[in-house]
Engineer: 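First the structure, which I've put down as structure tokens, then a few questions once you've had a look.
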Amino acid sequence: MKNALVAKILYEVADLLELEGVPFKPRAYRRAARAIEDCPTPIEDLAAEGRLTEIAGVGEAIAQKVAEIVATGKLAYHEELKAKLPVELRALTQVEGIGPKTARLLYEELGIRNLADLERAAAEGRIRSVKGLGEKTEQKIRRGLAETRGAEKRLLLGRAWPLARHLVEQLMATGLYRHVEPAGSLRRGKETVGDLDLLAVSDRPDEAMRAFCSLPDVAEVLAQGPKRSSIRLSDGFQVDLRLVPANAFGAALQYFTGSKEHNIRLRERAAARGWKLSEYGLTSADGEVLAGEDEAGIYRALGLAYIPPELREDRGEIAASEAGTLPELVDARRVRCDLHVHTDSSDGEATLLAMARAAAERGLRAIAITDHLRFAQAIPGLSADDLRRQIEEVRRRNETAGLTLLTGVEANIARDGTVDVPRDLLKDLDLVIASVHTHLRLGRKEMTDRLLRAVEDEGVDILGHPTGRLIGERPPCEADWDEVFRRAAKTGTALEVNAHPQRLDLGAELIRRAIGFGARLAIGTDAHDVGHLDFLEFGVITARRGWATAEHILNTLPVEDLLAARKRGR
DNA sequence: GCCGTTTTCGGCCCGACTGTTTTCAGTCG
């Protein structure tokens with residue numbers, strides 16, 4: 001599968017053309033690169049069959065270049081461009097304030113090729129000497145460099161939502177706003193959020209902007225205008241606030257929710273009808289307002305079914321909307337049980353009783369108690385006897401807990417794929433999760449075999465946090481996921497959507513693939529304390545981003561049906 | 001370089017803010 005390689009080279013060609021100031025081509029190359037990246041068929045197969053131009057965005061010229069990359073592993077055109085402008089555009093444009101034009105200028109005037117060159121020039125005060133740049137630009141670049149050096153700035157979804165809710169509360173408390181609503185990648189439910197976009201309506205805009213820029217936690221005001229302001233909080237996180245007229249709130253919400261690619265598609269669609277779409281509304285050629293007050297109206301006017309924010313990534317949602325084949329995404333209200341909960345019997349912080357009460361308070365109908373089995377001396381976990389006792393306790397508490405408690409366990413998948421669950425207890429366990437916890441860096445083949453063995457195990461109902469990733473810390477393990485999903489679907493093994501903000505595992509793209517193979521999903525918070533039960537919503541959001549409907553998810557079933565639908569119930 | 005409810009040629013998303021400019025280019029989202 002050479003799709004990733006081909007995409008990488010095409011993206012670089014796009015960058016280099018942009019650096020040269022070539023118009024339009026960069027976009028064409030990026031579009032083709034993205035389509036190839038997303039394409040589930042190996043690009044070399046399409047090339048062999050002469051079907052490259054069937055990919056949207058790939059015409060004759062790019063098809064030829066793709067064929068060359070498939071055949072030789074590189075592209076002469078790409079090498080030529082690199083030789084002409086040996087500039088690491090990607091790295092340089094990551095610095096706030098530097099775009100392709102400035103990068104080119106810096107290369108021609110100062111010979112700057114990469115971040116190290118840039119850093120030296122900034123430190124020596126040479127940037128201000130370039131015509132068109134000045135002292136402020138140099139300062140901005142210095143600050144930008146410091147930020148780029150600073151570690152991962154993106155915030156986990158599970159931390160960004162509470163922060164956003166807090167800010168909204170603070171702003172509303174000033175009495176200067178009619179309403180304030182988060183947009184951007186947060187509203188789309190991306191697993192990490194780079195900055196926060198807030199949208200507001202105010203009858204006293206000047207005061208409202210001042211209030212925003214002087215919130216207690218503001219470290220720096222990056223920009224302040226009558227319509228848009230940007231602040232940086234003391235923890236380095238950037239928040240933008242936009243004031244919009246009430247009659248254009250829907251258009252603004254649509255626009256600022258993005259994604260950028262999705263919006264470009266919508267605007268093209270509007271343009272094809274001779275209309276114009278902006279954050280102020282959808283207008284016809286003669287200026288008549290066709291939509292703007294509510295978001296759904298924009299889609300309706302463009303002949304589209306409403307597209308939920310989680311799908312707005314330009315990954316086929318617009319075509320599906322037009323064709324009326326958008327999935328009816330799972331609704332958070334349908335997910336009223338948590339299938340992965342720990343207690344202090346293993347490495348959790350709270351007692352079984354405390355977890356049960358907290359879950360009942362949150363309106364959950366059922367939780368599965370799934371503590372670790374002891375698989376290594378150093379890690380807290382249950383012995384077979386401990387598990388036997390816990391099963392008794394779960395059954396006892398069940399009568400007074402105010403919700404259904406399911407017996408369960410999170411077993412470990414050993415390096416060879418065997419699962420350590422005590423077989424004589426299987427009949428007493430409502431739910432068996434099996435997860436990988438160690439040896440996550442195996443080669444693709446070995447890891448695939450290992451996961452397949454666990455999936456085929458008749459005692460395993462759910463494959464827990466399948467890829468083992470920790471967002472921002474540990475990459476997903478390598479495996480032939482298509483094969484894992486195919487076998488999971490065939491055996492009835494559910495795939496976990498681990499809702500812990502640092503895991504979100506499976507992630508959205510793999511979820512979409514998994515349900516494409518007909519696999520079932522099981523959402524669990526992996527709660528190790530009572531507060532973690534709130535993570536459930538992030539699991540639901542992630543499932544929605546993966547185009548999942550209620551039918552794909554075990555949690556949406558009443559308990560008896562759930563038990564019948566799990567693998568060992570079939 | 002791609003593509004077609006404006007088109008096989010001539011388009012290609014739109015607006016706010018900043019800085020370095022004397023009227024606008026570049027960047028960002």
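For the numbers below, each heavy atom of this structure counts, side chains included, while hydrogens, waters and symmetry mates do not. What you see is a predicted model, and the numbers here were worked out from it, not measured in a lab.
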Engineer: Mind calculating the distance between CD (A/E18) and P (B/dC12) to the nearest angstrom?
Structural biologist: 17 Å

Engineer: Between B/dT5 and B/dG1, how far is it from one P atom to the other, in whole Å?
Structural biologist: 23 Å

Engineer: Can you work out whether A/S229 or A/R27 has the more 5'-proximal nearest nucleotide on DNA chain B?
Structural biologist: A/R27

Engineer: With C1' as the reference atom in both, quote the distance from B/dT21 to B/dG26 in angstrom, rounded to an integer.
Structural biologist: 12 Å

Engineer: State which of B/dC17, B/dG1, B/dG29 makes the closest approach to the side chain of A/K227.
Structural biologist: B/dC17

Engineer: Work out how far the C1' atom of B/dT20 is from that of B/dC24, and round it to whole angstrom.
Structural biologist: 9 Å

Engineer: Return the nearest nucleotide to the side chain of A/I62; candidates are B/dC2, B/dG26, B/dC17.
Structural biologist: B/dC2

Engineer: Could you tell me how far B/dT7 sits from B/dC12 if I compare only their C1' atoms? Round to whole Å.
Structural biologist: 12 Å

Engineer: For A/L133 and A/E268, find the nucleotide of DNA chain B closest to each by heavy atoms; which residue's nucleotide sits nearer the 5' end?
Structural biologist: A/E268

Engineer: Under a 4.0 Å threshold between the charged nitrogen and the carboxylate oxygen, would A/R469 count as salt-bridged to A/E191?
Structural biologist: yes

Engineer: Less than 4.0 Å between a side-chain N and a carboxylate O, is that true for A/E268 and A/R27?
Structural biologist: yes

Engineer: How many whole angstroms separate atom CD1 of A/I264 from atom P of B/dC3?
Structural biologist: 16 Å

Engineer: Measure the distance from CD1 on A/I36 to P on B/dC2 and round it to the nearest whole Å.
Structural biologist: 11 Å

Engineer: Between P on B/dG4 and CZ on A/F24, what's the gap in Å once rounded to a whole number?
Structural biologist: 17 Å

Engineer: Under 4.0 Å between any heavy atoms, over every strand shown, what does A/P226 touch: base, sugar-phosphate, or nothing? Just pick one.
Structural biologist: sugar-phosphate

Engineer: Using the C1' atom as the point on both nucleotides, what is the distance between B/dA16 and B/dG11, in whole Å?
Structural biologist: 25 Å

Engineer: Side chain of A/S278, heavy atoms from C-beta onward: which of B/dG15, B/dG29, B/dT27 has the nearest atom to it?
Structural biologist: B/dG15

Engineer: Please report, rounded to the nearest Å, how far the C1' atom of B/dC14 is from the CZ atom of A/R242.
Structural biologist: 12 Å

Engineer: Is the shortest side-chain heavy-atom distance between A/F517 and A/W481 below 4.5 Å?
Structural biologist: no

Engineer: Is the closest basic N to carboxylate O distance between A/E537 and A/R165 below 4.0 Å?
Structural biologist: yes

Engineer: Decide, yes or no, whether a salt bridge links A/E279 with A/K227 under the criterion of side-chain N to carboxylate O below 4.0 Å.
Structural biologist: no

Engineer: Scan residues 51-58 of chain A against DNA chain B and write down, sorted by residue number, each residue with any heavy atom closer than 4.0 Å; if none is found, say none.
Structural biologist: A/A56, A/G57, A/V58

Engineer: Just checking, is any N or O donor in the side chain of A/E37 or A/Y11 under 3.5 Å from an acceptor N or O on the other one?
Structural biologist: yes

Engineer: Report the nucleotide, chosen from B/dG1, B/dG26, B/dG15, that has the shortest atom-to-atom distance to any side-chain atom of A/E279.
Structural biologist: B/dG15

Engineer: Less than 3.5 Å apart, any donor N or O on the side chain of A/Y29 or A/E12 sitting next to an acceptor on the other?
Structural biologist: no

Engineer: Using both distances under 3.5 Å as the test, list the Watson-Crick or G-U wobble partner of B/dT27, or none.
Structural biologist: B/dA16

Engineer: Would you call A/R315-A/E313 a salt bridge at under 4.0 Å N-O?
Structural biologist: no

Engineer: Rounding to an integer number of angstrom, what distance separates B/dT8 and B/dC2 when you compare their C1' atoms?
Structural biologist: 12 Å

Engineer: Across the strands shown, which category fits A/K276 at heavy-atom distances under 4.0 angstrom: base, sugar-phosphate, nothing?
Structural biologist: sugar-phosphate

Engineer: Tell me which nucleotide among B/dC3, B/dC17, B/dT20 gets nearest to the side chain of A/K136.
Structural biologist: B/dT20

Engineer: For nucleotides B/dG19 and B/dC13, find the distance between their C1' atoms and express it as a whole number of Å.
Structural biologist: 24 Å

Engineer: From NZ of A/K131 over to P of B/dG26, roughly how many Å is that when rounded to an integer?
Structural biologist: 12 Å

Engineer: Determine whether a donor-acceptor pair (one donor, one acceptor, N or O, separation below 3.5 Å) exists between the side chain of A/Y255 and the base of B/dG29.
Structural biologist: yes

Engineer: Between A/K25 and A/E20, is the closest basic N to carboxylate O distance under 4.0 Å?
Structural biologist: no

Engineer: What is the distance from NZ of A/K25 to P of B/dG10, rounded to the nearest Å?
Structural biologist: 18 Å

Engineer: Starting from C1' on B/dC14, measure out to CD on A/E261 and report it in whole angstrom.
Structural biologist: 15 Å

